[in-house]
Amino acid sequence: MRTATLDPAQRAEALAEMTERELDVLVVGGGIVGAGTALDAATRGLSTGLVEARDWASGTSSRSSKLIHGGLRYLEMLDFPLVREALKERGLLLERLAPHLVKPVPFLYPLQHRGWERLYAGAGVALYDAMSMARGHGRGLPTHRHLTRNRALRVAPCLRKDALVGALQYYDAEVDDARFVATLVRTAASYGAKVANRARVTGFLREGERVVGVRVEDVEAGGEYEIRARQVVNATGVWTDDTQGLVGERGQFHVKASKGIHLVVPKDRIHSSTGLILRTEKSVLFVIPWGRHWIVGTTDTAWDLDKAHPAASSADIDYLLEHVNSVLAVPLTRDDVEGVYAGLRPLLAGESEATSKLSREHTVAHPVPGLVVVAGGKYTTYRVMAKDAVDAAVHGLDRRVADSVTEEIPLLGAEGYPAMWNARERIAERSGLHVARVEHLLNRYGSMADQLLDLIAADPTLGEPLRHADDYLRAEIVYAASHEGARHLDDVLTRRTRISIETFDRGTRSAREAAELMAPVLGWDQDQIAREVEHYEKRVEAERESQRQPDDLTADAARLGAPDIVPL
């Protein structure tokens, strides 16, 4: 296996090769499920293609709560199979598949009633731990513990004393969701999958009733391609119904979008050594440790407006602030909010009008010969969804195909990561970087951090931090364009890094420097650099304006005020 480099030359080559001969499997949709499906198919020995209309993880898969979890609240719904499955996947990711990207995180659950609540909630958390250990994948996390009020306040001094009578603490895991998807795509490409972002499916090829491929528009260079495949997998999430419309088939199920918004605030605004999980009248609220920040979320409301750019309204922000402030000794204000992002969950419709009660289970269907559709599910269980989708596609192939092996396939950067982590001080001494910088690189790239260190060795200025986003090194911007498939400034500031939500200026002060670093890799002239910066600034202003609007309709209209595609 080679380490795939997703640069402009690779993208052009992948598109050309996908048109030259019929593939076994073509996956449409470059989110977590589509990327996982491409890896599953490629590692079974199938010739595989993956196309994405925009950037990798540009939809739901970069706008989640960043949690890899079993779904503690689904225990209360008695959905034991879903929790059991998710806990197994959490363990695999922590211990084997992506220990460099998926990390343990503690959560405190404040108790507000004496006696019965500790017994009730404690039993649920104990069952959660027991189910994890029973699957053989719980060894990487501490088990839960009961805390008195005084002990809880020492762990989380941010809490109001009257907001709890005691607490439970348990562990789950977190991930940079967009970075995980980009790594997953590169892993699939390393096993032979042909992958291309900014390649939009505009129609399906049919021979009689059978789907035999797709028509793809090259959004970057222009032109249209026909890609033929024995099986096409539709893994487009909240766009599933739209994609099905291109086939001319309604499909066997309907996907409903549920909007979840999150706030990002600086670490010093909430004094705690642990994350928090709080009940609301509709769902649960998380306060999640995130580097030098906290993520506060989420909401769960129906959304039937623009899917590409779901907008957070002023009412959404007020809702989160009100609920988190109900337990904080020092309330958060609008001025504390660095970033806001909104994402859409793809929920299987038909079971309940309330989106919080719609199914988090996934479904795979074969609506017409040659086409497989996979939808629903949770980020944590993407690998199971991918396996099921490829299993369905295999039924349409006229030959014997190996079973899924992704349970045993570490993502790029996982192999060698523990050894490099143990040697991080020596690496720091050799590279001239502070050990904290080396740890940052290892936790974002794993053993592939060597590739960034090589860039820095060749050009020491790349070892310097960005001037207005000093959590990130200049080398990371270059690497995003040269190795990780970033095609535009927005890809880098929003997904390859999280500068757009981790700085009060939303990345506008870093835009020019980042664009100039990307330019030599992508062949931009000064005019294109200016267009990239202008587009990013308009995007940020449109998002800020949407967040000042009172409701979804006005917020959506404001967000659509910025153009979506950067002119070349």
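If you take OG1 on Thr298 and CD1 on Ile261, they are separated by 7.0 Å, rounding to the nearest 0.5 Å.
Side chain of Trp294 to backbone of Lys267: a donor-acceptor contact under 3.5 angstrom is found. Judged by distance alone, the side chain of Arg430 and the main-chain N or O of Ile427 form no donor-acceptor pair under 3.5 Å. Glu532 places no side-chain N or O within 3.5 Å of a backbone atom of Ala515 that could act as its donor or acceptor partner. Looking at Arg54, its side chain never comes within 3.5 Å of a backbone N or O of Arg200 through a donor-acceptor pair.
Between Phe286 and Phe107, a ring centre-to-centre spacing shorter than 6.0 Å is recorded.
Salt-bridge formation is not detected for the pair Arg506/Glu543: no Lys NZ or Arg NE/NH1/NH2 atom is positioned less than 4.0 Å from an Asp or Glu carboxylate oxygen. Using a cut-off of 4.0 Å between Lys/Arg side-chain N and Asp/Glu carboxylate O, Asp177 and Arg498 are scored as salt-bridged. The pair Arg539-Asp564 fails the salt-bridge criterion, with no side-chain N (NZ, NE, NH1 or NH2) lying under 4.0 Å from an Asp/Glu carboxylate O.
In the displayed structure, Glu464 atom CD is contacted under 6.0 Å by more than 12 heavy atoms of other residues, nucleotides or ligands.
Partner of Asp55 under the salt bridge (charged side-chain N to carboxylate O under 4.0 Å, His left out) criterion, chosen from Arg487, Arg11, Arg496: Arg496. Partner Ile32 forms a side chain to side chain contact (heavy atoms under 4.5 Å, CB included) with one of Thr37, Val181, Thr381 and no other, that one being Val181. Just one residue in the list Lys256, Arg345, Lys259 forms a salt bridge (charged side-chain N to carboxylate O under 4.0 Å, His left out) with Asp300, and that residue is Arg345.
Note on ring orientation: taking the six-membered ring where Trp is involved, the planes of His262 and Tyr341 are parallel (angle under 30°, cut-offs 30° and 60°). Ring geometry for His483 versus Tyr479: interplanar angle under 30°, hence parallel rather than tilted (30 to 60°). Note on ring orientation: taking the six-membered ring where Trp is involved, the planes of His440 and Tyr472 are perpendicular (angle over 60°, cut-offs 30° and 60°).
In this model, no donor atom of one side chain and acceptor atom of the other lie less than 3.5 Å apart for Tyr191 and Asp40.
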Run Val521 and Asp7 through side-chain contact (heavy atoms from CB on, under 4.5 Å) and show every step you take. CA-CA 8 Å; Val521 180; Asp7 59 11; 5.6 Å; no

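Here the side chains of Tyr445 and Asp450 are not in contact, with every heavy-atom distance at 4.5 Å or above.
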